[in-house]
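Here the structure is laid out as structure tokens; the discussion comes afterwards.
Naming convention: chains lettered A, B, ... in sequence-line order (proteins, then strands); numbering from 1 in each chain.
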Amino acid sequence: MPAKSARRFWLFKSEPEVFSIDDLARAPQQTTFWDGVRNYQARNTLRDDVQVGDGVLFYHSNAEPLAVVGTARVVRAGYPDHTAWDPKSEHPDPGSTPENPVWYMVDIALETRFESPVERVTLARTKGLEKMVLLQRGSRLSIQPVTPEQWRTVLKLAGVKELR
DNA sequence: GCCAACGTTGGC
DNA sequence: GCCAACGTTGGC
């Protein structure tokens with residue numbers, strides 16, 4: 001039996017025009033499946049690394065302002081993204097089937113919606129966040145690892161008390 | 001297996 | 001709207 005692994009932290013990007021933190025707040029049980037990831041590196045993270053209980057920074061990309069707008073908690077670990085074999089979905093992929101799923105997703109539940117979003121420009125000038133994947137030049141990864149220190153720093157910037 | 005062309009992401 | 005960075009595709 002493997003030892004219970006420590007809680008990990010992630011950053012999920014979403015374009016608010018497509019799915020915003022307000023959409024998550026309005027969803028049943030404030031929970032959603034995180035579908036539509038069509039990048040292999042991000043897929044591997046969702047399939048292999050993201051575990052129930054992990055913390056998620058919810059980031060608005062292609063938006064004004066660019067910002068971390070809240071946190072969510074993983075409530076279901078990686079499982080096949082069934083929207084891939086739905087031709088009517090936003091991200092169909094005929095290469096993925098129920099028998100041989102290619103793409104994966106997780107379920108997340110809203111934890112905290114920041115009263116004031118932590119803007120990207122703030123992150124960029126905050127000491128200790130230099131190594132954030134988000135801030136690396138050319139970074140396009142939509143599912144990114146966040147260190148415990150980075151997690152704490154962002155929550156502090158948001159004025160949120162430490163979450164368990 | 002290489003790599004040029006092309007498409008997408010996403011900040012600016 | 002621009003375009004740099006990156007991922008994918010497909011000819012060879």
Name the one of A/Lys13, A/Arg120, A/Gln144 that satisfies side chain to side chain donor-acceptor pair (under 3.5 Å) with A/Tyr59?
A/Arg120
What integer distance in Å separates A/Asn39:CG from C/dG7:P?
7 Å
A/Glu64 CD to B/dG10 P, straight-line distance once rounded to whole Å
17 Å
How are the rings of A/Trp34 and A/Phe58 set relative to one another: parallel (under 30°), tilted (30 to 60°) or perpendicular (over 60°)?
perpendicular
Roughly how many Å is it from CD in A/Glu17 to C1' in B/dT9, rounded to a whole number?
15 Å
Can you tell me the distance, in whole Å, between the CG atom of A/Asp93 and the C1' atom of B/dG7?
16 Å
Atom-to-atom span, CZ of A/Arg38 to C1' of C/dT9 - whole angstrom
18 Å
Between A/Trp103 and A/Tyr79, does the ring-ring contact (aromatic ring centres under 6.0 Å, His included) criterion hold? Intermediate values first, please.
CA-CA 8 Å; A/Trp103 305 114; A/Tyr79 64 104; over 10 Å; no
Tell me whether the side-chain N/O atoms of A/Tyr59 come closer than 4.0 Å to OP1 or OP2 in B/dG11.
yes
Figure out the CG/C1' separation between A/Leu141 and C/dT8, and round it to whole Å.
16 Å
To the nearest Å, give me how far apart CD (A/Gln136) and P (C/dC6) are.
11 Å
Checking B/dG11, C/dT8, B/dG7 against the side chain of A/Arg120 (C-beta onward), the nearest is B/dG11
Examine B/dT9: is either OP1 or OP2 under 4.0 Å from a nitrogen or oxygen in the side chain of A/Lys13? Give yes or no.
no
What's the closest nucleotide to the side chain of A/Tyr40 if the choices are C/dC6, B/dG11, C/dT8?
C/dT8
Name the closest nucleotide to the A/Gln41 side chain, picking from C/dG7, B/dG11, C/dT8.
C/dG7
Salt-bridged, A/Asp81 to A/Arg43, with N to O below 4.0 Å?
no
Separation of B/dT9 atom P from A/Phe12 atom CZ, nearest Å, is 17 Å
